[in-house]
Amino acid sequence: MTHLTLLRLDPRSRDAAADLRNTSHMHQRIMSMYPDALTSGDAARRSLGVLYRIERTPHETTVLVQSTLAADPTVLPDRYATVQQRNLAPLLDWLADGRKIRYRIDGSPTRSLRDGARDTNGRLNRGKPVPLHGKEAIAWWERKARTAGLDLDDVLDIPQEPATGHRDTGPIRHTLTRFEGHATITDHHSLRTAVTNGIGRGLAYGAGLLSIAPHQE
């Protein structure tokens, strides 16, 4: 089962403002909506399928949270946000090859800058991730979309505020680009996997949530 929780943040909430300033805090806040027994360890987010995206307009800031277990927003601080929840199963069951959709995703497009160094097994190190912009970022999304079972009809790329913050191991920074437009489903099994698992890097920090909806021409 896949669930969607929409948090409309209260602009007067100091807790919400603090979370928006530090992507690590936002991650922790979101994970707090799930039972403690399931949120310990590095694989917690993956085991619960937790993905999220922050959407800002001149009038409000919302956080879309997707997970395989329904979130419990009652644990959030008082007056943190208003909440709406729904089950995504009907949408995922609707998917079929050839159907038209609208899509939106905040991606963290990168390429690896290899330095020629090798690990102890003699394999080339992955290298430092370098953010991509403009045409290179669009090309990254086109590759990811094909793997996700989509044939893109059009792409609008919109740079977003980067996801920044701090954790015990050091600073966090993910450059984000929003990709949105229309597409045709070419492999609905791959698409379902991409929706539930997320796409690319930074999945714990607001990247990779692929949102889709039927497109009526």
Side-chain angles (χ1 to χ4, degrees), residues 1-7 23-24 26-55 62-73 75 81 83-110 137 140-153 155 160 163 174 176-215:
M1 198 74 74
T2 303
H3 304 268
L4 186 68
T5 300
L6 174 63
L7 305 176
T23 190
S24 181
M26 181 62 77
H27 167 75
Q28 293 168 10
R29 182 76 68 192
I30 289 170
M31 295 305 295
S32 75
M33 294 191 292
Y34 304 93
D36 289 344
L38 299 177
T39 56
S40 59
D42 295 337
R45 185 205 59 77
R46 291 194 301 273
S47 67
L48 294 167
V50 177
L51 302 164
Y52 75 92
R53 183 174 66 247
I54 298 173
E55 299 199 344
T62 60
V63 183
L64 283 76
V65 183
Q66 181 180 288
S67 56
T68 54
L69 179 70
D72 177 12
V75 304
V83 181
Q84 291 179 282
Q85 292 181 294
R86 69 185 180 99
N87 185 349
L88 292 181
L91 172 63
L92 296 178
D93 290 342
W94 171 86
L95 300 180
D97 293 2
R99 286 188 163 166
K100 302 284 188 178
I101 63 162
R102 293 179 287 115
Y103 68 83
R104 174 177 289 178
I105 181 173
D106 283 1
S108 180
T110 61
W140 174 92
W141 166 235
E142 289 173 339
R143 292 192 298 273
K144 294 293 185 182
R146 283 195 296 271
T147 302
L150 291 176
D151 180 17
L152 301 181
D153 298 326
V155 182
Q160 301 296 300
H174 289 280
L176 300 178
T177 300
R178 178 164 298 164
F179 302 101
E180 56 184 42
H182 305 86
T184 302
I185 300 173
T186 58
D187 183 340
H188 67 281
H189 298 294
S190 295
L191 179 56
R192 187 178 186 123
T193 298
V195 169
T196 54
N197 293 349
I199 294 175
R201 300 177 64 252
L203 301 183
Y205 303 113
L209 171 58
L210 175 61
S211 298
I212 60 173
H215 173 52

Looking at Met26 and Val63, what are the two nearest heavy atoms and their distance?
CE-CG2, 4.3 Å
Calculate, to the nearest 0.5 Å, the distance between atoms CG and CD1 belonging to Leu191 and Ile101 respectively.
5.5 Å
Across all chains, not counting sequence neighbours, the side chain to side chain contact (heavy atoms under 4.5 Å, CB included) partners of Ala145 are Trp141, Leu150, Leu152
Can you tell me how far apart CD (Gln66) and NE2 (His3) are? Round to the nearest 0.5 Å.
10.5 Å
If the condition is side chain to side chain contact (heavy atoms under 4.5 Å, CB included), which residues does Leu203 pass it with, not counting sequence neighbours?
Arg45, Leu51
Those residues at least two apart in sequence (or on a different chain) that pass side-chain hydrogen bond (donor to acceptor under 3.5 Å, both in side chains) with Asn197 are none
Residue set satisfying side-chain hydrogen bond (donor to acceptor under 3.5 Å, both in side chains) with Thr2, at least two apart, ordered chain then number -> none
Does the side chain of Pro73 come within less than 4.5 Å of Val65's, by heavy atoms?
no
For Glu55, enumerate each residue passing the salt bridge (charged side-chain N to carboxylate O under 4.0 Å, His left out) test, keeping only those at least two apart in sequence or located in another chain.
Arg53, Arg104
Going by the rule side chain to side chain contact (heavy atoms under 4.5 Å, CB included), which residues pair with Ala71 if we only count those two or more places apart in sequence or in a different chain?
Thr5, Met33, Tyr34, Gln85
Closest non-hydrogen atoms of Met1 and Ala89, given as atom of the first, atom of the second and distance, are SD-CB, 3.9 Å
Identify, with sequence neighbours excluded, every residue that meets side-chain hydrogen bond (donor to acceptor under 3.5 Å, both in side chains) alongside Ser108.
none
Can you name the side-chain hydrogen bond (donor to acceptor under 3.5 Å, both in side chains) partners of Thr184, sequence neighbours left out?
Lys100
List the atom pairs, with distances to 0.1 Å, where a side-chain N or O of residues 90-98 and a protein N or O form a donor-acceptor pair under 3.5 Å, not counting sequence neighbours.
unit_1 : atom_1 : unit_2 : atom_2 : d
Asp93  : OD1    : Arg192 : NH1    : 3.4
Asp97  : OD1    : His188 : N      : 2.8
Asp97  : OD1    : His188 : ND1    : 2.9

Just jot down the side chain to side chain contact (heavy atoms under 4.5 Å, CB included) partners of Ala137, sequence neighbours excluded, or say none.
Pro109, Leu132, Phe179
So how far is it from Leu6 CG to Gln84 CD, rounded to the nearest 0.5 Å?
5.5 Å
Kindly write out the residues that satisfy salt bridge (charged side-chain N to carboxylate O under 4.0 Å, His left out) with Arg29, not counting sequence neighbours, or none if the list is empty.
Asp15, Asp19
According to the interplanar angle, ranging from 0 to 90°, do the rings of Tyr205 and His174 count as parallel (below 30°), tilted (30 to 60°) or perpendicular (above 60°)?
parallel
Residue set satisfying salt bridge (charged side-chain N to carboxylate O under 4.0 Å, His left out) with Arg178, at least two apart, ordered chain then number -> Asp106
Separation between OG1 (Thr68) and CG (Leu88), nearest 0.5 Å, reads 11.5 Å
Sub-4.5 Å side-chain heavy-atom contact between His215 and Asp153
no
Can you tell me how far NZ of Lys144 sits from CD1 of Ile105, rounded to the nearest 0.5 angstrom?
9.5 Å
Using the rule side-chain hydrogen bond (donor to acceptor under 3.5 Å, both in side chains), only one of Asp187, Thr193, Thr186 pairs with Ser190; which is it?
Asp187
With side chains defined as the heavy atoms from C-beta onward, is the minimum distance between Tyr103 and Val155 less than 4.5 Å?
yes
Of all the heavy-atom pairs spanning Val75 and Ser32, show the shortest one and how long it is.
CG2-O, 3.4 Å
What's the verdict on side-chain contact (heavy atoms from CB on, under 4.5 Å) for Val83 and Leu7, showing C-alpha distance, side-chain angles and the deciding distance?
CA-CA 5 Å; Val83 181; Leu7 305 176; 3.7 Å; yes
Between the OG atom in Ser67 and the CE atom in Met31, the distance rounded to the nearest 0.5 Å is 9.0 Å
